[in-house]
Structures are given as structure tokens and as C-alpha cells.
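Take a look at the structure set out below.
All figures in this text were calculated on a predicted structure; none of them were measured in a lab.
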Amino acid sequence: MSRRSARGSDRYPRIYRVVRRIPRGRVATYGQVAELAGLPGCARQVGYALHALDDAVDDVPWQRVVNARGEISRRAVAGIEPIQQQLLEAEGIAFDARGRLDLTLFQWRPRVRKRNPEMRV
DNA sequence: TCCCTGACTGGTT
DNA sequence: AAACCAGCCAGGG
């Protein structure tokens with residue numbers, strides 16, 4: 001381990017905690033997860049964290065995270081994308097012929113947990 | 001320890 | 001609509 005490696009991986013638990021909050025039948029984007037985890041601008045790291053998941057051990061609904069265009073992101077390892085799509089379809093999410101889902105319909109919109117519930121602009 | 005590669009994104013061209 | 005580009009940062013060679 002290099003000098004201070006312990007610090008960096010604090011992020012993974014934060015990221016997993018957010019992903020676990022995504023309800024069934026809803027999706028979140030990588031950037032959205034990063035922001036909710038307090039890591040704005042670190043969308044790429046969210047992908048990296050999910051890549052590091054061990055499905056045999058972790059109970060993180062990774063399939064509910066898609067890219068900002070409403071598509072399932074391409075993996076280095078083939079064969080996973082169709083599985084992710086099937087899992088989402090099983091939750092009631094619809095994909096168009098081009099393999100995209102409508103974020104305006106299925107994107108998770110968590111309530112803000114603050115005193116002032118909402119002050120719309 | 002340097003260098004490169006990613007389950008990404010928003011702004012430009 | 002598509003290609004490019006600069007940030008982002010953890011791992012592995």
C-alpha cells in the first residue's frame with residue numbers, strides 16, 4: 001500500500017449506500033449517484049466502484065445505475081449489458097428499440113432530507 | 001513511482 | 001446527432 005491508500009476507498013461505501021437507496025423500478029445516473037454520495041463530478045468513479053463489486057457478497061442493486069443518456073453503459077467484458085436490461089425490464093422499466101429508457105419517466109428523484117422540504121425556484 | 005485505462009459527464013465543435 | 005476534450009481518481013504493470 002502506498003503512503004495513504006486508506007483514504008481513497010472511503011468513497012466506495014458512500015457510493016454503495018446511495019445505490020442501495022434506489023427503489024425497485026427506478027434508475028439513477030452515474031453522475032446523480034456521485035452527487036448524492038457527496039462526490040460531485042466523480043461519475044466515473046461511480047462506475048469504477050460498481051465494477052469493483054462482488055455480486056456474490058454485496059447486495060447492491062447495480063443494475064439500477066445507467067448513464068446520462070438513459071442507456072446501459074458498455075462494459076469491457078461482454079454479455080453483461082443484456083442481463084442488466086433484463087433485470088430492469090423485470091422491474092417494469094421499458095426500453096425502446098434503440099436500447100434506451102426514458103429518464104423523465106424512470107429516473108429516481110429522492111426527496112431532499114433537509115428542514116425545508118422544498119423551495120422551488 | 002510513473003503511466004495508462006476505465007460500468008462517466010457536460011460543454012464545444 | 002456525433003465526435004472530441006478535459007476533469008475525475010483507483011488499480012495494476
From C/dG11, B/dC8, C/dC8, nucleotide with atom closest to A/Tyr30 side chain: B/dC8

Distance test, side-chain N/O of A/Arg74 to OP1/OP2 of B/dA7, below 4.0 Å: no

Closest contact, heavy atoms only, A/Ile93 versus A/Arg26: CD1-N, 4.0 Å

Separation of B/dC8 P from A/Gln32 CD (nearest whole Å): 16 Å

Distance, rounded to the nearest Å, where A/Arg11 contributes CZ and C/dG11 contributes P: 11 Å

Cluster overlap A/Val66 with A/Val77, hydrophobic side-chain contacts below 4.5 Å: no

Closest heavy-atom pair and its distance - A/Thr104, A/Arg109: O-NH2, 3.4 Å

CD on A/Glu91 to CD1 on A/Ile22, rounded to 0.5 Å: 10.0 Å

Nucleotide B/dC8, atom P - distance to CZ of A/Arg44 in whole Å: 7 Å

Sugar-phosphate only, base, or nothing, as touched by A/Ala76 at under 4.0 Å among non-hydrogen atoms: sugar-phosphate

Closest listed nucleotide, where the reference is the side chain of A/Leu50 and the choices are C/dA2, B/dT9, B/dA7: B/dA7

Rounded distance (Å) that lies between atom P of C/dA10 and atom CD1 of A/Ile15: 10 Å

For C/dC8, the Watson-Crick or wobble counterpart (both distances under 3.5 Å): none

Atom-to-atom span, CH2 of A/Trp62 to C1' of B/dC8 - whole angstrom: 17 Å

Separation of atom CD in A/Glu35 from atom C1' in B/dC8, rounded to whole Å: 14 Å

A/Glu71 atom CD, over 12 foreign heavy atoms within 6.0 Å: yes

Most 5' of A/Cys42 and A/Tyr48 on DNA chain C, judged by nearest nucleotide: A/Cys42

Integer-rounded Å distance: C/dC9 P and A/Tyr12 OH: 12 Å

Nearest-Å distance for atom pair CD/C1', residues A/Gln45 and C/dA6: 14 Å

